Protein chains: 2
Amino acid sequence: MISMLQPEKPVRGPIERSSTSAKVAEYLRQRITDGTLKPGQRINELTLAAELGVSRSPVREALAMLAGEGLVRVTPYKGTFVTPLSRERFRDLLDFRVALEQFAVRRAIERATPKELQRLAAVIDEMREHARSGNFLGAVESDLRAHEVLVSMAASPLLEQTFQQLLGEFRLYIAATIRHYEGIDELATEHAALLAAIRARRRSRAVSIIERHIVHGFAGALEELA
Amino acid sequence: MISMLQPEKPVRGPIERSSTSAKVAEYLRQRITDGTLKPGQRINELTLAAELGVSRSPVREALAMLAGEGLVRVTPYKGTFVTPLSRERFRDLLDFRVALEQFAVRRAIERATPKELQRLAAVIDEMREHARSGNFLGAVESDLRAHEVLVSMAASPLLEQTFQQLLGEFRLYIAATIRHYEGIDELATEHAALLAAIRARRRSRAVSIIERHIVHGFAGALEELA
DNA sequence: TTGCTAATCATTGCCGACAATCGACAATGA
DNA sequence: TCATTGTCGATTGTCGGCAATGATTAGCAA
């Protein structure tokens with residue numbers, strides 16, 4: 001079923017691997033971050049190869065790439081496993097994400113263009129609209145997109161790459177704790193406040209808003225995990 | 001010449017790939033970070049495989065892992081190349097490194113144990129001794145080790161992994177600009193000041209010291225690059 | 001039944017070979 | 001002279017197979 005392979009996502013890090021293994025890698029990223037492949041689950045090379053209609057070689061290369069990105073763990077002769085969840089890991093992800101986004105905010109204040117700020121505003125509007133109409137998942141997606149836009153405003157490829165990687169793993173936890181999210185109505189409000197602080201170039205205020213937004217937003221999820 | 005392969009480094013991220021490809025990966029990391037393989041240089045799979053006495057499969061898997069880590073770039077049917085240097089990239093590395101280490105400093109102030117602080121002090125002594133005896137490379141290595149210790153004090157696996165990755169690429173630039181480093185005598189002094197600030201739990205002071213230390217230390221190198 | 005040992009099976013690690021593609025150079029034509 | 005096209009060698013991408021390792025289960029003895 002080669003048709004299951006998506007047409008090689010154009011924007012995903014610096015990699016442009018030989019279409020086949022690149023497609024397998026992208027396929028696996030999808031399956032991992034959307035929860036089809038669960039944390040800790042084993043990935044059988046032969047099964048996967050048959051499923052995608054390719055041989056094991058590109059599959060193994062794809063797995064090696066994902067191992068390099070940290071999405072899976074490989075134990076020699078035992079197998080490849082989706083990186084498992086843990087409360088400590090989530091705590092670490094949260095803390096590190098706060099650090100990354102604070103950096104993003106500081107840089108955004110220095111170098112964001114009006115156009116980019118406008119784009120962020122548009123995403124926030126979208127978020128507000130989703131919240132108003134009760135579209136829970138839509139609001140969460142908009143929230144994530146807003147964070148991506150914020151990070152892109154920092155104009156740092158390294159930050160961007162690191163954040164994308166982190167966000168991939170982060171989605172695992174979002175998927176696993178989705179029921180613990182409350183107060184999506186506040187999401188847009190908080191983002192709007194952040195945007196205002198960035199526009200006003202109020203560094204310390206913006207930095208503390210983003211921290212509160214992230215920590216507060218996932219406090220419940222952290223509490224209920226394992 | 002299988003003997004050229006190092007005995008699978010135990011501490012290097014989450015990976016424990018099937019010894020052979022893991023060894024090849026480690027071998028390549030060495031060659032890349034010590035400058036034997038220069039930025040932009042092509043890596044020939046067949047040559048490398050023959051050189052190490054293995055087949056192309058583990059070589060390709062190793063290259064895929066390094067691609068995931070960002071050390072090399074793969075272009076389909078054209079080849080694998082060591083990630084090239086650029087002034088913009090160095091600028092980005094510096095900025096991002098500052099952000100990471102500032103995070104590390106803040107966390108270290110909160111949770112560093114006396115034992116860890118003592119270990120850092122020992123490395124600084126070592127650094128001072130190297131500088132005094134004119135051991136240039138030794139002092140630079142001690143400096144890097146001090147930064148690693150600092151980062152480890154933050155007790156954040158994500159930070160640690162990200163920093164290690166960044167440091168790998170950073171070494172490329174250090175190797176390329178090694179002649180532009182002056183004032184190694186000040187290195188130990190600056191680290192000592194940082195350690196004192198951490199011990200005194202003076203957050204903002206420690207954060208600004210680490211920033212100055214990094215930015216100032218590589219200003220000359222940045223200037224002279226390309 | 002329980003615990004240990006050994007054989008069996010599934011799965012991964014590695015290899016050699018073949019197909020696909022690229023880059024360079026020569027041949028052709030305007 | 002220059003651009004275009006065709007060919008060839010080199011290199012990469014993929015495949016199927018075999019060996020090595022780990023997990024499972026069957027067999028046996030206490």
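Just so you know, these numbers come straight off a predicted model, no measurement behind them. Computed from heavy atoms alone, side chains included, the values below leave out hydrogens, waters and symmetry copies.
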Should the pair B:H147 and B:H213 be assigned to parallel (<30°), tilted (30 to 60°) or perpendicular (>60°) ring geometry?
parallel

Taking the inter-plane angle between the rings of A:F170 and A:F218 on a 0 to 90° scale, is it parallel (under 30°), tilted (30 to 60°) or perpendicular (over 60°)?
perpendicular

State whether [X] places a side-chain N or O below 4.0 Å from either non-bridging phosphate oxygen (OP1 or OP2) of [N].
{"X": "B:S55", "N": "C:dC15", "answer": "yes"}
{"X": "A:R60", "N": "C:dG13", "answer": "yes"}
{"X": "A:N44", "N": "C:dT12", "answer": "yes"}
{"X": "A:T20", "N": "D:dG13", "answer": "no"}

Roughly how many Å is it from [atom1] in [X] to [atom2] in [N], rounded to a whole number?
{"X": "B:E61", "N": "D:dT14", "atom1": "CD", "atom2": "C1'", "answer": "13 Å"}
{"X": "A:K23", "N": "D:dG13", "atom1": "NZ", "atom2": "C1'", "answer": "13 Å"}
{"X": "A:R56", "N": "D:dG13", "atom1": "CZ", "atom2": "P", "answer": "19 Å"}
{"X": "B:L46", "N": "C:dG16", "atom1": "CG", "atom2": "P", "answer": "11 Å"}

B:R119, CZ: over 12 other non-hydrogen atoms inside 6.0 angstrom
no

Centroid separation B:F103 to A:F103 less than 6.0 Å
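Distance test on ring centres: not under 6.0 Å, no.
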
Apply salt bridge (Lys or Arg N to Asp or Glu O under 4.0 Å) to residues A:R171 and A:D34 and explain how you reach the verdict.
CA-CA 8 Å; A:R171 284 174 187 273; A:D34 73 9; over 6 Å; no

Once each nucleotide of nucleotides 20-25 of chain C is scored for protein heavy atoms under 4.0 Å, what B/S/- sequence comes out, 5' to 3'?
BSSS--

B:F163 six-ring face occupied by B:R97 cation (under 6.0 Å, within 45°):
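Because its charged atom misses either the 6.0 Å distance or the 45° angle limit, B:R97 does not stack over B:F163.
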
